[in-house]
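What follows is a single structure, written as structure tokens, with notes after it.
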Amino acid sequence: MVQSVSYRLLFIGCAASFLMSQQLCAQDDWLDKIDRQYEETFEKTDQAFDRAMREGVAELDQELADIWGESRQLPDAKVWVGYSQDRKTRIIVDYDKGEMSIEGVNRDQNDLMWDFQNILLEDSEQLNERAALRRKLIEKTTAFRDDWPTQTPRKRIERPRHRPERQWQAEKTPQAQQSERKRSYELSKIIAPRTQPKFMTRELALPQGKRASLARLTIPLRPDRDRLNAQALQNPVEEVATKYGLPRSLILSVIKNESAFNPRARSPANAFGLMQLVATSGGKEAYSYLKGKQVIPSVDVLYDPDKNIMLGATYLHLLNTRYFGKVKDDLARQYLIISAYNTGPGNVAKAFTGKMKLKSAIQKINTMNAQQIYQHLQANLPYAETKTYLRRVSKDTKTFASWDA
């Protein structure tokens, strides 16, 4: 009898365990389903955002083709192109090459010189009015606009072996943020002093077989323009460097190599601003950390110099703590995050183990010194572009080393 009862109890217990496990499995399946739906929603949002930007670029490209034909030109990471309201005059600032030009369709030298002098007296807000692509992309992505965070999220990632992070300060008003830049003439301070613009003309092929005359004035930029542009960014750079315990020289070196200090930078890969953030990848990861929820930074946020620096530095911070925080050597970690900023942490891990897994890569990394890691990255990173990027950024941290004093 006791044995029979024991069997029944055992059966009941097994049945209860089976039902409970089924319920847990059902609960897990339900949670997995919710997670998949959540990720699919954000994936669709990312795709819609990217599509809106592609449409904006294509629309502007067609509008410019109707006026400039094959000579139309869109901005790039280190070359800004701004257009007049009628799109028949444009300014081209090559921050990397060190050259500024103004071009016009069927314009004479005196007209261009007058326009050139006026542009040199424009503040950042007025220059933004000439940034046709900036305005077009902000317009196309208005539906994705989100408020900039004013407080630090509750969940924080502590950086080991460094002083604690400073609390996020309340955001300054837009007027206060831009007042300093509005008072300084952005372009006039970086042109070479006591230099006369060079004038030239050429024939321009237009749509439908039409021809026009293209006039161009060109003037060189100052050799020390990087120093001047860095000084103009002193406040936001110092703020984020203090907040995250990052070297100021690293932030400035990344800016120089990403955009050459072009505040209206936009690459063909849709990376934006001084630190060249892609809205749906590194920009999204940094912005989501600041907001405490998954969200894409809007185009106007990415184009804002102060906010772009905050986002770029936040992404460097995440690379420094979330991904490579267990790397013991500080200089070695810097080489790793520089490389990862360009190619992603997975590709950096792949350089050490052949797989995009960080845990095993970090184990190997911690058996090497900083110089060995640098040499290993130069030999094994998947892309030549990243090797060059690591070399240049590392070199330029020495150029800006005085900022770390």
Side-chain angles (χ1 to χ4, degrees), residues 76-79 95-98 159 224-227 229-231 233-234 236-238 240-241 244-263 265 267 269 271-278 281-283 285-286 305 308-321 323-324 327 329-352 365 368-405:
D76 205 337
K78 298 178 181 180
V79 180
Y95 288 84
D96 195 34
K97 185 179 178 182
R159 179 181 175 181
D224 62 344
R225 61 189 176 278
D226 288 342
R227 177 183 63 82
N229 285 323
Q231 287 176 349
L233 300 173
Q234 181 176 349
V237 169
E238 287 191 350
V240 296
Y244 290 131
L246 292 168
R248 292 160 176 77
S249 59
L250 173 62
I251 298 168
L252 288 168
S253 184
V254 169
I255 292 173
K256 178 184 175 182
N257 285 274
E258 290 289 346
S259 65
F261 293 95
N262 172 15
S267 76
F272 291 94
L274 291 167
M275 298 189 73
Q276 284 292 276
L277 292 154
V278 177
S281 57
E285 185 170 358
N308 188 279
I309 290 172
M310 177 57 76
L311 286 174
T314 299
Y315 187 54
L316 285 171
H317 168 67
L318 295 176
L319 291 172
N320 199 37
T321 54
Y323 293 98
F324 297 105
V327 174
D329 188 287
D330 287 347
L331 181 57
R333 194 182 324 112
Q334 181 164 300
Y335 291 146
L336 296 166
I337 67 175
I338 289 170
S339 302
Y341 195 93
N342 178 265
T343 194
N347 280 327
V348 174
K350 190 176 180 180
F352 290 91
I365 286 166
M368 306 163 70
N369 63 38
Q371 187 58 33
Q372 289 171 329
I373 286 170
Y374 179 87
Q375 292 171 347
H376 187 91
L377 289 167
Q378 287 295 335
N380 296 281
L381 280 166
Y383 303 108
E385 175 194 331
T386 309
K387 297 176 184 179
T388 301
Y389 184 82
L390 172 60
R391 186 165 60 250
R392 289 178 176 173
V393 173
S394 298
K395 178 184 176 183
D396 286 329
T397 56
K398 297 178 178 64
T399 302
F400 296 108
S402 61
W403 281 68
D404 296 328

Once you measure the plane-to-plane angle for Y341 and Y315, does it fall in the parallel (<30°), tilted (30-60°) or perpendicular (>60°) bin?
tilted

Closest heavy-atom contact between [X] and [Y]?
X: D329; Y: A370; value: OD1-CB, 3.6 Å
X: L390; Y: S394; value: O-OG, 2.7 Å
X: A241; Y: R248; value: CB-CG, 3.5 Å
X: L381; Y: S339; value: CD1-OG, 3.9 Å
X: L311; Y: A286; value: O-CB, 3.4 Å

Would the distance check show the side chain of [X] and the main-chain N or O of [Y] forming a donor-acceptor pair, the cut-off being under 3.5 Å?
X: R227; Y: F400; value: no
X: S259; Y: L274; value: yes
X: D396; Y: T399; value: no
X: D96; Y: A260; value: no
X: K350; Y: N380; value: no
X: N347; Y: P382; value: no
X: S249; Y: W403; value: no

What distance do [X] atom [atom1] and [Y] atom [atom2] have between them, rounded to the nearest 0.5 Å?
X: I337; Y: H317; atom1: CD1; atom2: NE2; value: 10.5 Å
X: N257; Y: M275; atom1: CG; atom2: CE; value: 11.0 Å
X: T314; Y: L319; atom1: OG1; atom2: CG; value: 11.0 Å
X: N229; Y: D224; atom1: CG; atom2: CG; value: 9.5 Å
X: I251; Y: L246; atom1: CD1; atom2: CG; value: 5.0 Å

Donor + acceptor pair across side chains of Y335, Q375 (<3.5 Å):
no

Taking the ring centre of each residue, are Y95 and F261 less than 6.0 Å apart?
no

Are more than 12 heavy atoms from other residues, nucleotides or ligands located less than 6.0 Å from atom CD of E385?
no

Under the side chain to side chain donor-acceptor pair (under 3.5 Å) criterion, do Y374 and Q334 qualify, and how do the steps go?
CA-CA 10 Å; Y374 179 87; Q334 181 164 300; over 6 Å; no

